[in-house]
Structure formats: structure tokens, C-alpha cells
Amino acid sequence: MTKPTIALCQTDMEWGAVEHNLRRAERLVSSAAADVAVLPEMFATGFMTDPGPAAEPADGGRIAAAMRRWAGDGDRAVVATAAVRDGEGLRNRMFFVTPEGPGCSYDKRHLFRPGGEAAAYVAGSDRRVAEYAGCRFLLLVCYDLRFPVWSRCRGDYDAILCCASWSARRREVWRTLLRARAIENQCYVIGVNRTGSDPSTDYAGDSAVIDFMGRTVVEAGAGEELLRAELDLEAQRTFRRTFPAWMDADPFRLVQEG
């Protein structure tokens with residue numbers, strides 16, 4: 001398969017109302033005729049720096065369980081994040097759930113310091129690439145998108161998947177970074193942001209799929225939307241062969257402090 005399909009499930013959410021938000025998300029995901037359905041960051045609670053009892057256990061609890069059910073019922077992968085308690089610390093954990101099983105997870109590396117996330121959560125230390133439907137996806141969460149070294153393609157992925165709760169005040173930054181990451185890595189970028197508002201800010205949506213040349217494949221507005229896009233991986237490989245900018249990239253090595 002060289003043309004996997006992606007569903008962008010852009011939605012609002014009710015603050016802290018997990019069961020309500022799960023039902024709302026299920027309606028969107030169930031309508032997503034696609035290989036991979038992607039939801040916003042912390043879609044079941046809203047972006048919480050102090051989730052308290054809303055934090056799930058390390059395996060994702062009821063949120064990941066619902067995602068597994070949706071994946072199995074629709075023969076699709078489902079991707080989203082949840083606040084989980086792992087040991088003594090909180091993690092903003094992204095789950096890539098497949099019909100065959102739990103898939104893989106990724107802990108958000110870059111915690112949003114201006115919003116208090118860095119003080120409340122433990123940062124992840126490992127990149128994750130999930131492979132499904134013939135495509136390799138680098139997993140990123142919201143603020144991760146600002147950091148090009150962490151997301152640099154090393155020949156190990158075809159597309160970036162980014163779940164986000166990105167404020168409307170910085171919507172042009174979001175739209176610019178989606179395109180920048182696509183152009184510099186010659187990859188597809190799938191960014192799914194929420195809409196509506198929470199106690200601290202408003203959200204503009206602007207979920208999008210950007211192709212390997214920085215062109216917009218699909219882009220949402222500010223309301224709840226379900227968009228579908230096809231990733232032409234053969235066209236991407238051809239472009240990388242005929243315009244091999246990746247061959248001139250500067251070498252580097254990530255060093256983990258501590």
C-alpha cells in the first residue's frame with residue numbers, strides 16, 4: 001500500500017468530562033473511513049496541567065481502552081494523547097493504537113513551559129516511529145513541533161503525526177511550523193488541533209495535512225470537522241530521489257543530559 005488514508009478528527013471538548021468527550025470523539029472516529037484516525041492532544045479531558053483524578057494509569061486506562069475498541073471496530077489505527085500517571089510522575093502520553101493490539105506510545109518530549117506543563121509533567125526521552133498501513137509515522141505532541149532537531153528526519157519516517165492543543169493566539173505559528181517541518185524533512189505532516197475554549201485560552205483548529213513540498217493537502221477551519229487525506233508515498237519517494245536535499249543535511253547527534 002502506497003497511499004494510506006488519514007482522518008483528521010478536529011473537535012472541541014468539555015473540560016474534564018471524560019465520558020462525554022469519549023462519546024463525542026467516538027462519533028467522529030466511527031465516521032472516519034481511513035487507515036489512521038487522529039484526535040487532538042488530551043481529547044478526553046482538555047489540556048490539563050493539573051489533571052488530578054482525571055489522570056489515567058500508565059496504560060491509558062479508559063481512554064486507551066476506548067481507542068482500542070474504536071480501532072478494532074473500524075479496522076483502523078487511532079492516535080491521541082492522554083494525561084497518565086506513571087510511577088510518581090505525570091506524562092503526556094501519545095497512544096498509537098492498532099486493530100492488532102496496543103501499538104506503541106510516546107511521551108511528549110518538549111513540555112509547554114509557558115503554560116505550566118513543564119512544572120507538572122515528566123518529559124519523555126525517546127523518539128517514537130510507528131509503522132502502519134505501509135507508512136512510517138514520527139509521533140509528536142503540540143509544543144514538540146517547535147523543535148526541528150528533535151523532529152529531523154534521519155531516513156526513518158515518511159510522515160509526522162502531531163496531536164495538539166495549540167492556542168488561537170499563536171495560530172500563525174502553528175500553520176507556519178507545519179509547513180516548515182514538511183519542507184525541511186521532505187515529509188508529510190499531519191497536524192490535528194482542537195477547537196473551542198478552555199479556562200485559559202481559545203483554540204482555532206486549523207488542522208491540516210501538508211505534503212513533502214509544503215503544499216496544503218487539506219486544511220480545516222475553526223469548527224468541528226472531519227477531514228480525510230491520502231498520502232501518496234510513491235510520489236514522495238520520487239521527489240526525494242529527484243530533489244535529494246536530505247543528502248546535504250548536516251550531521252548531528254542528540255545527547256541526553258544527565
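Nothing here was measured: the structure is a model prediction, and the numbers come from that model.
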Under 30°, 30 to 60°, or over 60°: which ring-plane class applies to Trp150 and His110, parallel, tilted or perpendicular? perpendicular
Within the 3.5 Å criterion, strictly below it, is a donor on Asn92 or Tyr143 matched to an acceptor on the partner's side chain? no
Stepwise side chain to side chain donor-acceptor pair (under 3.5 Å) check, Thr49 with Glu117: CA-CA 5 Å; Thr49 55; Glu117 187 182 22; over 6 Å; no
With the threshold set at 4.0 Å, does a side-chain nitrogen-carboxylate oxygen contact exist between Glu41 and Arg194? no
To the nearest 0.5 Å, what is the distance between OG on Ser165 and CE on Met42? 7.5 Å
Mind listing the closest non-hydrogen atom pair of Asp35 and Ala133 along with its distance? CB-CB, 4.0 Å
Ignoring hydrogens and geometry, is there a side-chain-to-backbone donor-acceptor pair from Trp70 to Val29 under 3.5 Å? no
Should the pair Arg175-Glu219 be classified as a salt bridge under the 4.0 Å nitrogen-to-oxygen rule? yes
Do Arg179 side-chain atoms and Ile210 backbone N/O form a donor-acceptor pair below 3.5 Å? no
Just jot down the side chain to side chain donor-acceptor pair (under 3.5 Å) partners of Asp232, sequence neighbours excluded, or say none. none
Can you tell me how far the CZ atom of Phe96 sits from the OH atom of Tyr106, to the nearest 0.5 Å? 15.0 Å
Just wondering, more than 12 heavy atoms not from Phe243 lying within 6.0 Å of its CZ? no
Kindly say whether Trp246 contributes a backbone atom to a donor-acceptor pair with the side chain of Arg240 at under 3.5 angstrom? no
Salt-bridge present (Arg69, Glu26; N to O < 4.0 Å): yes
With rounding to the nearest 0.5 angstrom, report the CD to CE distance, Gln186 to Met213. 9.5 Å
So which atom in Thr11 and which in Arg24 form the shortest heavy-atom distance, rounded to 0.1 Å? OG1-NE, 3.6 Å
Donor-acceptor pair, Gln236 side chain versus Asp158 backbone, under 3.5 Å? yes
